[in-house]
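Every chain is numbered from 1, with letters handed out A, B, ... down the list of sequences.
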Number of protein chains: 2
Amino acid sequence: MAARYAHSTTPGGIYALVRDGLARSRADLARLTGLAPSTITLRVEELLRRGYLDEEGDGVSRGGRRPRVLRLARDERVVAGVDLGARHAAIGLFDVAGTCIVTRRSSIDITRPPEVVLRSVHREILDALAASNDAARRLAGVGLSLPGPVSAPEGRVISPSRMPGWNGIDPAAILSGLSGVPVRTENDANAMALGEFIATGRTTRHMIVVKAGSSIGTGVIVDGALYRGARGMAGDVSHTSVADGPQVLCSCGRFGCLDAVAGGRSIVAALAAAGVPIDDVAGVAGLASDAHPLATRLLRESGLRTGAVLATLVSFFNPERLVLAGVLSTTEAFVAGVRSSVYDLCLPMSTTGLELAESTVGWDLGARGVAALALEELLDPAAVDRDLGKSPRT
Amino acid sequence: MAARYAHSTTPGGIYALVRDGLARSRADLARLTGLAPSTITLRVEELLRRGYLDEEGDGVSRGGRRPRVLRLARDERVVAGVDLGARHAAIGLFDVAGTCIVTRRSSIDITRPPEVVLRSVHREILDALAASNDAARRLAGVGLSLPGPVSAPEGRVISPSRMPGWNGIDPAAILSGLSGVPVRTENDANAMALGEFIATGRTTRHMIVVKAGSSIGTGVIVDGALYRGARGMAGDVSHTSVADGPQVLCSCGRFGCLDAVAGGRSIVAALAAAGVPIDDVAGVAGLASDAHPLATRLLRESGLRTGAVLATLVSFFNPERLVLAGVLSTTEAFVAGVRSSVYDLCLPMSTTGLELAESTVGWDLGARGVAALALEELLDPAAVDRDLGKSPRT
DNA sequence: GAAGTTGATTCGACATCCGCACGAAGTTCA
DNA sequence: TGAACTTCGTGCGGATGTCGAATCAACTTC
């Protein structure tokens with residue numbers, strides 16, 4: 001968070017502090033930026049005059065005069081966060097203040113051509129917008145989360161194992177062409193990490209968020225910002241070998257990859273082989289909640305194996321939080337398995353002070369995260385600086 | 001590097017740019033900071049007047065007027081970088097410009113009590129200083145690198161497997177008490193990562209440096225700065241389980257840890273068991289350079305196993321460079337093993353653009369890195385800002 | 001030797017930000 | 001029900017810092 005708001009003394013920086021909910025009054029801003037109250041007054045006045053900020057009325061007193069609460073100026077702009085899974089899409093609409101207007105789920109088939117999938121996504125967005133009972137609202141940006149590697153900074157899909165026909169595609173360009181608004185593409189685990197980071201008040205410095213669903217991936221927060229690595233591939237552990245795991249053939253051609261021995265898809269397959277045919281990963285969780293013995297055992301094993309890889313990552317990365325998200329982590333068995341492995345395989349020095357928790361946000365975690373990404377672009381502090389004719393400070 | 005020099009428009013920032021060799025002239029500073037040349041003139045003038053900087057004469061022309069080369073003001077202050085291994089200490093003395101005055105190695109026994117070891121280290125530093133033929137020089141700071149986990153920000157040694165009697169110790173306090181100067185403690189792999197980062201011009205954004213010696217550890221550079229994690233434990237992979245490794249009992253009580261199946265100590269033990277008694281890890285490298293079959297095979301296996309863990313880290317962290325350092329990585333067999341594993345186990349998307357190289361710096365890599373840490377404290381940009389009466393900018 | 005480049009300085013104009021005093025609007029406690 | 005204290009926000013003068021343009025300086029190229 002320190003890193004993220006290093007430039008917070010510019011008008012755009014002040015704007016961002018309000019946008020992200022870190023400051024709600026002029027006094028907050030003065031504290032956070034270190035600027036003199038008088039300076040803040042001038043800056044805020046300008047932002048109010050230009051229509052970037054709004055006053056909401058008085059807040060609660062902290063023992064003295066009540067602060068005058070600031071918020072982003074309400075306007076008609078709306079961003080969509082779209083989290084595409086293998087078979088479902090989660091779509092959320094948010095106003096510029098980041099408040100959720102509506103979320104919905106719909107069925108898709110990610111194996112269909114990008115144009116087809118994205119056209120249907122676009123229709124869903126427009127439909128949700130129309131259903132929101134405010135004709136003035138208009139779409140101003142989209143964040144798109146995909147279940148596969150996305151290169152940075154280009155935003156292209158790179159060799160996705162579960163999305164045939166998407167390799168090398170730039171989905172942002174397609175969806176932007178359909179919708180006429182800027183689109184930001186991100187990997188699903190990264191989107192969830194960002195969503196979790198925001199949901200917990202942007203306070204965690206170093207965090208790993210695990211997306212345990214059909215496949216298993218991680219998103220990484222370093223120093224209060226999403227970490228993408230050199231090419232945007234950071235966090236992709238689905239083809240990591242699991243120590244002591246069974247030598248199952250993986251789609252990548254190797255044996256014993258995490259995805260192949262612990263991913264939700266592998267559990268579905270194992271259940272099917274045992275004569276328990278279910279539709280998808282959600283079905284596994286359903287079975288587990290009914291105390292289905294085999295499903296529970298498979299989930300626990302999946303957790304143990306996932307935990308084995310996470311243990312390595314925890315040792316290496318020494319995060320302060322490790323968050324479990326995704327369908328599998330809604331089951332007690334999986335979570336218990338992860339806990340067991342991590343605490344067994346990590347040295348105490350790595351796990352003391354480590355908070356290992358399940359995400360409290362539900363199925364729209366990724367949509368929220370990727371919407372924040374779109375908002376970030378829409379409400380660009382640098383653009384505010386430009387508008388106010390200030391050169392961005394170092 | 002962007003992150004490190006985000007505050008570079010303050011006097012201290014300008015000082016740091018010169019200190020770290022990124023700027024050698026006023027024109028360089030103007031380019032790097034974005035400040036107007038006139039502003040740079042004023043700032044530099046102040047720094048010259050205050051005795052922080054010096055002019056060295058003219059540099060080489062780039063097609064126009066020759067730049068007037070700036071450097072840190074020469075003074076009598078010297079910092080020591082001390083890299084303690086299990087049996088040897090590497091000591092380097094550096095002037096404030098970071099120029100190496102002298103390096104030397106000496107024998108130590110890290111299993112002896114901290115006070116004893118550090119007293120001998122202190123004597124060595126004073127001895128080296130006395131031998132440097134400049135009576136005016138005086139010690140002003142020490143960086144201390146240790147072969148075990150060091151907590152951050154406290155700088156205490158945490159459950160080191162090879163340093164009995166050091167647990168919970170604050171070596172900086174002891175050595176500071178002996179020498180009367182500030183001491184900074186750091187883990188050895190972190191020190192090497194910093195040394196490598198500096199030796200390659202501070203240009204790499206995301207990097208993993210592997211210290212492969214008696215034991216195996218990593219140091220991590222994120223966004224151009226040493227990454228320590230939540231508690232300073234980042235990079236410690238010595239007790240990570242190796243996929244498909246032999247189930248050797250490790251000092252931590254588990255089986256198949258990286259240290260136990262690939263660390264130099266394990267190779268020495270394996271050679272001894274086979275009737276090839278050698279002194280230490282350096283002996284293994286010696287044997288390998290004489291094409292000793294067993295030593296070579298063991299080194300290659302060690303490389304393969306180390307590479308297996310590194311493959312996971314590369315997938316997770318997506319660095320732009322992976323650097324091999326330490327005694328083992330001076331052998332072709334070990335390096336070949338690492339390369340083989342990494343390229344076998346990583347997806348191409350993680351290794352395209354990955355530079356996998358051996359460090360070009362020798363045995364004093366860690367000493368250089370940790371000396372830079374001491375210099376950083378000694379030549380604190382914030383102190384310069386304070387001295388010049390400027391408030392540090394955001 | 002003229003033209004073009006690069007490096008560095010001078011100086012006036014301008015914008016910014018702070019310090020401080022002050023006003024506004026609360027809470028706490030006798 | 002005040003008095004004292006706290007927190008929040010504003011107005012104004014002045015110190016400070018930064019920039020821009022012009023200029024000088026010194027070298028390379030042709």
Nearest-Å distance, [atom1] ([X]) to [atom2] ([N])?
X: B:R43; N: C:dT9; atom1: CZ; atom2: C1'; value: 17 Å
X: A:R26; N: D:dG11; atom1: CZ; atom2: P; value: 10 Å
X: B:R24; N: C:dT6; atom1: CZ; atom2: P; value: 19 Å
X: B:E46; N: D:dT18; atom1: CD; atom2: C1'; value: 15 Å
X: B:L29; N: C:dT6; atom1: CG; atom2: P; value: 18 Å
X: B:L35; N: C:dA8; atom1: CG; atom2: P; value: 15 Å

(request) For each nucleotide in nucleotides 20-26 of chain D, reading 5' to 3', give B when a protein heavy atom comes within less than 4.0 Å of its base, S when such contact involves only the sugar-phosphate, and - otherwise. (result) B----BB
(request) Calculate, to the nearest 0.5 Å, the distance between atoms CG and CG belonging to B:L72 and B:L375 respectively. (result) 8.5 Å
(message) For the CZ atom of A:R19 and the CG atom of A:L53, what is their distance to the nearest 0.5 Å?
(response)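 A:R19 CZ to A:L53 CG: 12.0 Å, rounded to 0.5 Å.
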Classify the nucleic acid contact of [X] as base, sugar-phosphate or nothing, counting any heavy atom under 4.0 Å across all strands shown.
X: B:R31; answer: sugar-phosphate
X: A:L42; answer: nothing
X: A:T41; answer: base
X: A:I40; answer: nothing

(message) Please identify which of these residues, A:T9, A:L29, A:L70, meets the side chain to side chain contact (heavy atoms under 4.5 Å, CB included) condition with A:I14.
(response) A:L29
(message) For B:V323, run the side chain to side chain contact (heavy atoms under 4.5 Å, CB included) check against B:L356, B:T200, B:V209 and tell me which one passes.
(response)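 The option that passes is B:V209.
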(request) Select from B:P37 and A:R62 the residue whose nearest nucleotide in DNA chain C is closer to the 5' end of that strand. (result)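 Comparing both residues, the 5'-ward one is B:P37.
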(message) Assess the residue pair A:F94 and A:I101 against the criterion (side-chain contact (heavy atoms from CB on, under 4.5 Å)); give the C-alpha distance rounded to whole Å, side-chain angles, the decisive distance to 0.1 Å, and a yes or no.
(response) CA-CA 5 Å; A:F94 303 82; A:I101 298 168; 5.8 Å; no
(request) Measure the shortest side-chain to side-chain distance between A:R68 and A:D58 over non-hydrogen atoms and say whether it is less than 4.5 angstrom. (result)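 The answer is yes; the side chains approach within 4.5 Å.
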(request) Please indicate whether A:R77 has more than 12 foreign heavy atoms, meaning atoms of other residues, nucleotides or ligands, lying under 6.0 Å from its CZ. (result) yes
